[in-house]
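What follows is a set of notes on a single structure, which appears directly below.
The analysis underlying the following values was restricted to heavy atoms, covering all of them including side chains, and did not include hydrogens, waters or symmetry mates. Residue numbers start from 1 in every chain, and the chains themselves are labelled A, B, ... in the order their sequence lines are given, proteins ahead of strands. What you are looking at is a predicted structure, and each value in this text was computed from that prediction instead of being measured.
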2 protein chains.
Amino acid sequence: MNGKMLRPTSFDVAERAGVSQSTVSRALRNSPGVNAETRARVSAAARELGYVVDRHASSLRLKSSETIALVTICRPGEDRSAINPFYFALLGSIAAATSARGFNLLVSFQENPDNFRADFVASGLADAMIVIGTTSNRPAWDYFAQAQASGLDFVCWGSPGSPFHWMRSENDIGGQLAAEHFVRDGRRRIAFVGPQQSPQRQFDERRDGFSAALAAHGLTAIVAEPPAAADRHAQGVAAVQALLEAHPDTDAIFAASDMLALGVLQGLKDAGRRVPEDIALIGFDGIRAGTLADPALTTLEPDLDAAGEALVAMALEDDERTRSGTRIPVHLVVRGST
Amino acid sequence: MNGKMLRPTSFDVAERAGVSQSTVSRALRNSPGVNAETRARVSAAARELGYVVDRHASSLRLKSSETIALVTICRPGEDRSAINPFYFALLGSIAAATSARGFNLLVSFQENPDNFRADFVASGLADAMIVIGTTSNRPAWDYFAQAQASGLDFVCWGSPGSPFHWMRSENDIGGQLAAEHFVRDGRRRIAFVGPQQSPQRQFDERRDGFSAALAAHGLTAIVAEPPAAADRHAQGVAAVQALLEAHPDTDAIFAASDMLALGVLQGLKDAGRRVPEDIALIGFDGIRAGTLADPALTTLEPDLDAAGEALVAMALEDDERTRSGTRIPVHLVVRGST
DNA sequence: CTGAAAGCGCTTACAG
DNA sequence: CTGAAAGCGCTTACAG
């Protein structure tokens, strides 16, 4: 256990297999033009010695690390367990897509200027970078905007700013699905709760798709901007109070995200409104906590597997032209809140 | 943008600064014995060229990658967004501890034999490995047990098996705190809901601390084993039915984890029992979803920051003797469910 | 099909 | 305080 044996190198394997080191390398990489019998002998020797290729030496030679760097922007001072679970789920799906390609995933949570870092590709640690997380951390996104301006490239989820390569949900369709669901259900006093000034264009798209679909039915969405608060949940709670004061007869609410919707749900309970009897509620994101709520939250769920795969593919893709505009499909999951 | 410039090397910096390449390396690593003026000139040249040290070359030379590998074991076939949020929170705190040391974090979610992998340290990709996640995936833990037997070392959270270096919460104290809280509240028909045959020794410790504290008050815990189900939440729902059938006058439940407790909460609502009026409920883990439940869940919350830091420290520590037995403090967070 | 050799970009004894 | 040189462990032209 102690006195740990030195890690064997390809030379050790070569000696054991009775071939040259170059042949070991070729055999283990499945290069063409290696005698089958030789290859087998090399594999056996490698196995016996517990040999594993040194990834640093390999990456240095190949100039490729087969790893993706994933940066998650957090709210400053935010507790790790308070990170919007949607981003954890997205992280999970990115990890799946990464590992399906045999790539590694390097993750980094960033919140303060002291730990801002965008040099994963520049240092060779990763072949490409993906950035996700809250749009509310302006300094972080400014930092990444500047990194991009100086040549560091990456793709991101949502729309934290203008110059980035992005990927988003089909937000307009999601909004439309929510609107049509409400209308079919006979709701008439329908509100949208979501940030209006956020750099997160996705919220606007959801609202616009929602409003347009309502308009097609001769209805106008009440747009309620949540007040500033510690996080989306708290914003949702606060938004309801203001909304019900101004529009006490509201009978349906579409919230721009699930965390917001869960706050809205809490606020509605606090106000003594029954969901869905008095007010129906739809969120957006499909986070797990929505299924645990009471009533469980009806929501628009993006296809996260597709999102992870598309983000990784996009990040690895060199062709500039294919690096913008991708949309991830969403579908309505009807649960108890409508 | 296209025609991407070759990455500059330390030789480029050397030329620009008018010094040798070795001096560049020394200056940038803050090695002692470099003239301050020279160091400044090198730094300036590096900045101007956008030079970043190649981590593969550096790691190859240094034989250290300054990165930690974190493996999260998942339930086979489990959706990424269904991973117990406790492990995501733990991942976040490990990331924080890692980055505080200037280390990188490589993450890997593993569930099936096709993607089992434990060679992160052997390949030089990481200096140490941490393994967390569900204990219910037996083949995965068998795989890691075997990896350890053949010399790959790592530390893990909980107690997925015998031969591992582990770190756990102060489970017995947690159980005791739960018991005392119930007793102080006047509860008398008190149950523990948790797996009895799980390799996760933490559940047993929670139960035993709980039972012992109740016994000190002349009370005996009703122990209810949840039936098999898709996940902990579903197990919790199912456990309540059986429990209330056998013990309809139960007035308090301590669940071995928050996900279980949230399922129990759902089951209690389904059964028409009010929480906390009829039955008080305490969970364990302090996951975010507990704060979103209605009523919010009283729980035992481990100090996750401490857990992340301790896991990283333990993983990096070479001394065998300091690699077992560490305990993470927990405290009772009282919310609406009690 | 296989081997000898160069070189990826660093770090650090070894000289001066 | 600084430079020339060796070497970390690979991959792959280049010869044979």
Could you check whether Thr38(A) gets within reach of a base, just the sugar-phosphate, or nothing at all, counting any heavy atom under 4.0 Å?
sugar-phosphate

Take nucleotides 9-16 of chain D nucleotide by nucleotide from the 5' end and write B, S or -, depending on whether a protein heavy atom sits under 4.0 Å from the base, only from the sugar-phosphate, or from neither.
BBBBBB--

Indicate yes or no: at least one non-hydrogen side-chain atom of Asp54(A) is less than 4.5 angstrom from one of Arg7(A).
yes

Pair assignment for DNA chain C - dot-bracket with | for other-strand partners, Watson-Crick or G-U under 3.5 Å
|||.||||||||.|||

Would Leu90(A) and Thr72(A) count as a side chain to side chain contact (heavy atoms under 4.5 Å, CB included) here? Give the steps.
CA-CA 10 Å; Leu90(A) 191 54; Thr72(A) 304; over 6 Å; no

What I'd like to find out is whether the side chain of Phe11(B) reaches to under 4.5 Å of the side chain of Val24(B), using heavy atoms alone.
no

Heavy-atom distance under 4.5 Å between the side chains of Pro199(B) and Arg138(B), does that happen here?
yes

Provide the distance between the two C1' atoms, one in dT12(C) and one in dG16(C), to the nearest whole Å.
16 Å

Do the rings of Trp141(A) and Phe164(A) sit parallel, tilted or perpendicular, given the 30° and 60° boundaries?
tilted

Thr98(B), Leu105(B), Leu70(B) screened by side chain to side chain contact (heavy atoms under 4.5 Å, CB included) with Val107(A), the one that passes
Leu105(B)

For Ser22(B), does its backbone N or O pair with a side-chain atom of Ser25(B) as donor and acceptor, under 3.5 Å?
no

If you round to the nearest 0.5 Å, how far is OG of Ser43(B) from CD of Glu48(B)?
10.5 Å

